[in-house]
Amino acid sequence: MIDLNLIRNQTEYVTAALARKGCVVCFDELLAKDVARRAKMAEVEGMKAKRNQVSASIPRIKKEGGDTAAVFAEMRALGDKIAELDREVADLQEQITSFVAGLPNLPDDDLLPGEKENNQVVKVYGEQPHFDFTIKNHVDLCVGLGLIDYERGVKLAGNGHWLYRGVGAQLEWALLNFFISEHLADGYEMILPPHMLGYNCGYGAGQFPKFSDEVYWIEDGAEDRKKGHFMLPTAETALVNMYAGEIVDEAKLPMKFFAYTPCYRKEAGTYRAEERGMIRGHQFNKIEMVQYAHPDHSREAFDELVAKACRLMEKLGLHFRLSKLAAGDCSASMARTYDIEVWIPSMGIYKEVSSVSNANDYQARRNNTKFRDSRTGKPAFLHTLNGSGLATSRVLPALIEQYQQADGSVVVPEVLRPFLGGLEIIK
RNA sequence: GGAAGCGUAUCGAAGUGGUCGCAACGAGCCGCACUCGAAAUGCGGUUGUCUGCAAAACAGGCACGUGGGUUCGAAUCCCACCGCUUCCGCCA
């Protein structure tokens, strides 16, 4: 949520910043409503002050044997007027809040405007693997090695589902274990959150109301989504709401967490040919990192998360690149996003395996997460950051393809071997 | 699923329609005094949020789980919802 005060005081800046994100908006109507709201508020608060004064004097009037009938009549009329104005203020407030809550976050000033075409590759890691044989794609490799059973996945749950089996399941689990061990070594606290979340989590993370149709809702008898539950589309949705409504101790910042959860997404629409296999499914495994940071240090936290995600990829020995996203390609809630994209040899393209973002105070404003600022002694919104560390459903295909051998076998990266009982090659 | 009890500030806890007491009292925390220093003691301070203001100070509004209602006036009475605790039942 963008600060209403900022919209009020620096309207042109906000308008221009949103435009860089591809969001064209005019604030005239909003600002007029805001002026009207504050005027009415001043009026009704004056009335309430009077009512409070009169109410306080009533016991004294009674004590002195005075007549209260006239005062009661007057106050009843005043009360009716107050109730009416209160409704008008609440109505304006509701309109203002829902408008502002629908706006995306402001992009950081250094981001290029526009969409994907303006993304910048920051760094390329490793080199494209060279094969002196005809390579196979990950679907053929995984099926051939019995790692993934696509057909039975579809039988169980329909298109967009698969099941890992045997060494394939162990490999998936080894990746997760490897990531977990790295995060623990870095001092991050491990969290296993609920997978079914309440509406407020989606709102707080900035995913609702706009994207509430893109998650799976539980049929649990709730008559309306605001009282129901949905399957989390990423652990970020849970982690970023852990301290909602709280004022955390400044000395505890930054707070660092990671969580393993499957992620459940509708991914509505048809799949392109290039997204076959595990590239895009309705359920995939991911480890998510989240930091709660002091506003003065959130850029350092961002750099740390980016470095962590890159390091995981480097240790796996994969060829990948790091991209800084243009303003319009960052997701709605985020002020800044870097993507890690892994090379998929069979496709000849890079696919996202991690997205590291800084929401600044956008999410904290929505779910009211604050810290006490020692400089002012007052509560202030903190910054939330998140990044995949990593999504295995993209890493595994890339790994299978990049490590494939001429005979259709796959070499296991060294860092994973301890988690696979020393297994060196899958054949 | 059934029954009972309970949600008050950082924590504990009183308050069951207005005044005495504009949320008491106790602990914690911060400051000051006393002290060579500390402890003890004494005094003072210590919720959030909105509006007015460039800001601070200050003034006012709102908030006693949440939302409604009754009333001139609600922490207090009524209704609904949410959460917690205990007991019973059921269950991996």
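Chain naming here is simple, since letters A, B, ... match the order of the sequence lines and numbering starts at 1 in each.
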Legend entry - Along RNA chain B (nearest heavy atom to each residue), the more 5'-positioned of Gly79(A) and Ile247(A): Ile247(A)
Legend entry - Val54(A) vs Pro379(A), nearer the 5' end of RNA chain B by closest nucleotide: Val54(A)
Inset, instruction - Run the numbers on Asp213(A) and Arg225(A) for salt bridge (Lys or Arg N to Asp or Glu O under 4.0 Å), then give the verdict. - result: CA-CA 10 Å; Asp213(A) 286 335; Arg225(A) 281 183 177 173; 2.8 Å; yes
Once you apply the 3.5 Å cut-off to both distances, tell me the Watson-Crick or G-U wobble partner of [N], or none.
N      : value
C6(B)  : G83(B)
G1(B)  : C88(B)
C53(B) : none
U70(B) : none
G28(B) : U46(B)
C22(B) : none

Inset, instruction - Determine, stepwise, if the pair Phe179(A) / Tyr260(A) fulfils ring-ring contact (aromatic ring centres under 6.0 Å, His included). - result: CA-CA 10 Å; Phe179(A) 299 153; Tyr260(A) 157 70; over 10 Å; no
Legend entry - Pair His294(A)-Glu250(A), side-chain donor/acceptor within less than 3.5 Å: yes
Inset, instruction - For the residue pair Ser298(A) and Asn358(A), confirm or rule out a side-chain donor-acceptor distance under 3.5 Å. - result: yes
Inset, instruction - Mind checking the NE2-CG spacing from His297(A) to Asp303(A)? Nearest 0.5 Å is all I need. - result: 13.5 Å
Inset, instruction - Check whether any side-chain nitrogen or oxygen of Arg372(A) sits under 4.0 Å from OP1 or OP2 of G48(B), and answer yes or no. - result: yes
Between [N] and [M], how far is it from one [atom1] atom to the other, in whole Å?
N      : M      : atom1 : value
C79(B) : A24(B) : C1'   : 30 Å
C64(B) : A59(B) : C1'   : 24 Å
C22(B) : C62(B) : C1'   : 15 Å

Legend entry - Summary of protein contacts for nucleotides 50-66 of chain B, nucleotide by nucleotide, where a base hit scores B, a sugar-phosphate-only hit scores S (4.0 Å, heavy atoms): SSS-------BSS----
Inset, instruction - Check step by step if salt bridge (Lys or Arg N to Asp or Glu O under 4.0 Å) holds for Asp110(A) and Arg336(A). - result: CA-CA 9 Å; Asp110(A) 62 309; Arg336(A) 158 180 226 90; 2.9 Å; yes
